[in-house]
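Down below is the structure, laid out as structure tokens.
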Amino acid sequence: MAQKPSIPKGTRDFNPQDVAKRNYIFSTIRSAFETFGFQPIETPSFENSSTLMGKYGEEGDRLIFKILNSGDYLSKVDNKYYLDKNSSMLTPYISEKALRYDLTVPFARYVVQHQNEIDFPFKRYQIQPVWRADRPQKGRFREFYQCDADVVGSNSLWQEVEFVQLYDAVFTALGLHGVTIKINNRKILSGIAEVIGAQDKLIDFTVALDKLDKIGEEKVKEEMLGKGIPQSGIDKLQPLFSLSGDFGAQVTELKSILETSEEGRQGIEELEFINKGIEALGLKTATLQLDVTLARGLNYYTGAIFEVAAPEGVKMGSIGGGGRYDDLTGIFGLKDMSGVGISFGLDRIALVLEQLNLFPETITNTVKVMFINFGEAEGMASMKAIKVLRENDISAELFPDKKKTVKQFNYANKRNIPFVVLVGESELADNTYTLKNMASSAQETITLDTLISALK
RNA sequence: GUGGUUGUAGCUCAGCUGGUUAGAGCGUCGGUUUGUGGUACCGAAAGUCGCCGGUUCGAACCCGGUCUUCCACCCCA
């Protein structure tokens, strides 16, 4: 055998069973999106580099897949950068396009570009692959699908309420019960930073706070101190580390911490509105949980921040995330356009469903009936019947070769084909069909009309 | 990007401190007399031991590099 071919790091092939399972998730999400009034759009898999670069922070820029220019791309390069081997300066000269890194920034570009054709508020969903030059791990790929729903052009907090409901609806429909929808608000984080005198260190502060459940209270304090946050401020955080109780109790605690911060108080108000809405409307299987340490999220979030964690006991990074960004389109020149949205990580959801064995057994993409091949004349009779079955929306096929029946049955078995039809010498003479149910082994010899109704 | 880890037939894995023709189970293919599968029995094919280089009389095994896998950072879906 020759050298085995392979695919790039962090990419995968999907076999028919995989595709069937993924399609099941896609269609569940898609139908929920549409039920909530979202409309689909699609954008190109690659954008101009200038559209993407600088939108995800320094880290993000590094993870964007750049596309090499065509032609003699080195001829345009400034000798200085070339000879210095200065990659970051050289890149813009040799790469003008890049694969999309997420669906939100291309969406912002889309909104600005098509602002005159769009009726606001605009609710769109988008299900497409994205690419990141990340180092792969489990549940972490270089090519994966995001399923995004966003609304632009409305400041209403009802949108946030709806997104919580949407998460609940999708995961309930997928049978993935017990997910936790964590919610926080960027304004609360800013407020806390303000109160402890670290407003200029918001990022450092949130990054440290985010690690609370991972490295513990002491280490978090150490890190904050190391980043130059005053001890007096850290002391004020004490109540934060011991936040407990239900949503209401935590909010009360927060209020006392954030008394002096206008922004913080606003964040709390928003949070309370969302929680009140969800309490009144109810969730089917998910839980909404306030998580003040939830600080992840891209630089552009300005209000609510969401993240969805798989049910307890499943080791997997977040399976969804999102939030409110007041000025996303601002970077492309369209001001005062608030957006809020969420994303589902299809690939991780698939892994979780697989692990918990939650895929319905009925997910298959096999044909319903296979005709055994007994020879040329029998084959012709079979093909005629198959034609009629297909016209009746029944998937059917003829085993192409006249092999031993044992082999043909084996094949049908392995492909999980539920029914087999035999058209041999006697059936040919009588103009009948022997239909066998592979699961029960029962078989009967019937006419074409009966065959059709039996398989419908 | 940093540190670690993995890689042997299609799949899951054995292979003792380097020693002669690298094994098993499952799967695949063929057969158990030619119209009936998922069971049983018999038989066969299939591996430049991830790739490149080095050490050695000799390497799947030791060393270096590289790719891949997974893990921890980082970041995220």
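Hydrogens, waters and symmetry mates play no part in the numbers below; they use all other heavy atoms, side chains included. Only a predicted model underlies this, so the values are computations on that prediction, with no experimental measurement involved. Chain identifiers are assigned alphabetically (A, B, ...) following the order of the sequence lines, protein sequences preceding nucleic acid strands; residue numbering begins at 1 within each chain.
The aromatic ring of A/Phe144 sits over the base of B/A77, with ring centres less than 5.5 Å apart and planes tilted by under 30°.
At a cut-off of 3.5 angstrom, the base of B/U2 holds at least one donor-acceptor pair with the side chain of A/Arg135. With hydrogens and angles ignored, no donor-acceptor pair closer than 3.5 Å exists between the side chain of A/Arg140 and the base of B/A77. The base of B/U36 lies outside donor-acceptor range of the side chain of A/Gln408, with no N or O pair under 3.5 Å.
Among the nucleotides B/G35, B/G31, B/U69, the one closest to the side chain of A/Lys407 is B/G31. For A/Gln146, whose side chain is taken as the heavy atoms from C-beta onward, the closest listed nucleotide among B/A77, B/C74, B/G35 is B/A77. Counting only heavy atoms from C-beta on, A/Glu427 has its side chain closest to B/G35 among B/A77, B/G30, B/G35. When distances run from any side-chain atom of A/Ser343 to the nucleotides B/A72, B/U68, B/A77, the shortest one goes to B/A77. Taking the side chain of A/Phe374 as heavy atoms from C-beta on, and the options B/G35, B/U69, B/U32, the nearest nucleotide is B/G35.
Counting non-hydrogen atoms of neighbouring residues, nucleotides and ligands closer than 6.0 angstrom, the CZ atom of A/Phe46 reaches no more than 12 such neighbours. By the 6.0 Å contact criterion, OH on A/Tyr73 is open, its count of non-hydrogen atoms from other residues, nucleotides or ligands being 12 or less.
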Shorter than 3.5 Å, N or O on both sides, protein versus nucleotides 37-41 of chain B: list them out with atom names.
unit_1	atom_1	unit_2	atom_2	d
B/G37	O2'	A/Asn410	OD1	3.2
B/G37	O2'	A/Asn413	ND2	3.2
B/G37	N7	A/Lys436	NZ	3.2
B/G37	O6	A/Met438	O	3.4
B/G37	O6	A/Ser441	OG	2.2
B/G37	N1	A/Met438	O	2.3
B/G37	N2	A/Asn413	OD1	2.6
B/G37	N2	A/Met438	O	3.0
B/G37	N3	A/Asn413	OD1	3.1
B/G38	O4'	A/Asn413	ND2	2.6
B/G38	O6	A/Ser441	OG	2.8

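When side chains are defined from C-beta on, A/Tyr145 counts as touching A/Ile127, because their heavy atoms get closer than 4.5 Å. Considering only heavy atoms from C-beta on, A/Gln408 comes within 4.5 Å of A/Met370 through its side chain. Contact annotation: the side chain of A/Asp102 never approaches that of A/Phe107 to less than 4.5 Å [non-hydrogen atoms, C-beta and beyond]. A 4.5 Å side-chain heavy-atom check between A/Tyr125 and A/Phe344 finds every atom pair outside the cut-off.
Between A/Leu353 atom CG and B/A77 atom P there is a gap of 19 Å when expressed in whole angstrom units. A/Tyr411 has its OH atom 17 Å from the C1' atom of B/U36, to the nearest Å.
Salt bridge A/Lys21/A/Glu354: present, at least one basic N to carboxylate O contact under 4.0 Å. Under 4.0 Å is where a charged nitrogen must lie from a carboxylate oxygen, and between A/Arg140 and A/Asp347 no such pair does.
For the 3.5 Å distance criterion, the side chains of A/Thr445 and A/Thr434 qualify, holding a donor opposite an acceptor. In summary, the side chains of A/Arg142 and A/Thr11 do not present any donor paired with an acceptor at a separation below 3.5 Å, with no hydrogens or angles considered.
Summary of the strand contacts: A/Gly424 and A/Arg348 both lie near RNA chain B, and taking for each the nucleotide with the nearest heavy atom, the more 5' one is attributed to A/Gly424. Between A/Arg62 and A/Lys414, the residue anchored nearer the 5' end of RNA chain B, judged by the nucleotide with its closest heavy atom, is A/Arg62.
Using a 4.0 Å heavy-atom distance criterion, A/Gly139 is classed as a base contact. Contact annotation for A/Lys211: backbone-only contact, meaning every heavy-atom pair under 4.0 Å involves sugar-phosphate atoms and none involves a base. Residue A/Gly375 is out of contact with every strand shown, counting any heavy-atom pair closer than 4.0 Å. If you check every strand for non-hydrogen atoms under 4.0 Å, A/Leu422 touches a base.
Remark: A/Lys9 is not in phosphate contact with B/G50, judged by side-chain N or O atoms under 4.0 Å from OP1 or OP2.
A/Arg62 is linked by a salt bridge (Lys or Arg N to Asp or Glu O under 4.0 Å) to A/Glu59, counting only residues two or more places apart in sequence or in another chain.
Residues of residues 446-456 of chain A that place a heavy atom closer than 4.0 Å to RNA chain B do not occur.
The separation of B/U21 from B/U28, taken at their C1' atoms, amounts to 24 Å, rounded to a whole angstrom. Comparing B/U17 with B/U39, their P atoms are spaced 39 Å from each other, to the whole Å. Taking atom P on both B/A77 and B/G3, the two are 26 Å apart, rounded to the nearest angstrom.
Applying the salt bridge (charged side-chain N to carboxylate O under 4.0 Å, His left out) test to residues at least two apart or on different chains, the pairs with a partner in residues 415-440 of chain A are A/Glu397-A/Arg415. Applying the salt bridge (charged side-chain N to carboxylate O under 4.0 Å, His left out) definition to pairs two or more places apart or across chains, those involving residues 29-54 of chain A are A/Glu47-A/Arg109.
Helical stems in RNA chain B, defined as runs of 3 or more consecutive Watson-Crick or G-U wobble pairs with both donor-acceptor distances under 3.5 Å, are listed by first residue as B:1-4 with B:70-73, B:10-13 with B:23-26, B:28-32 with B:40-44, B:50-54 with B:62-66.
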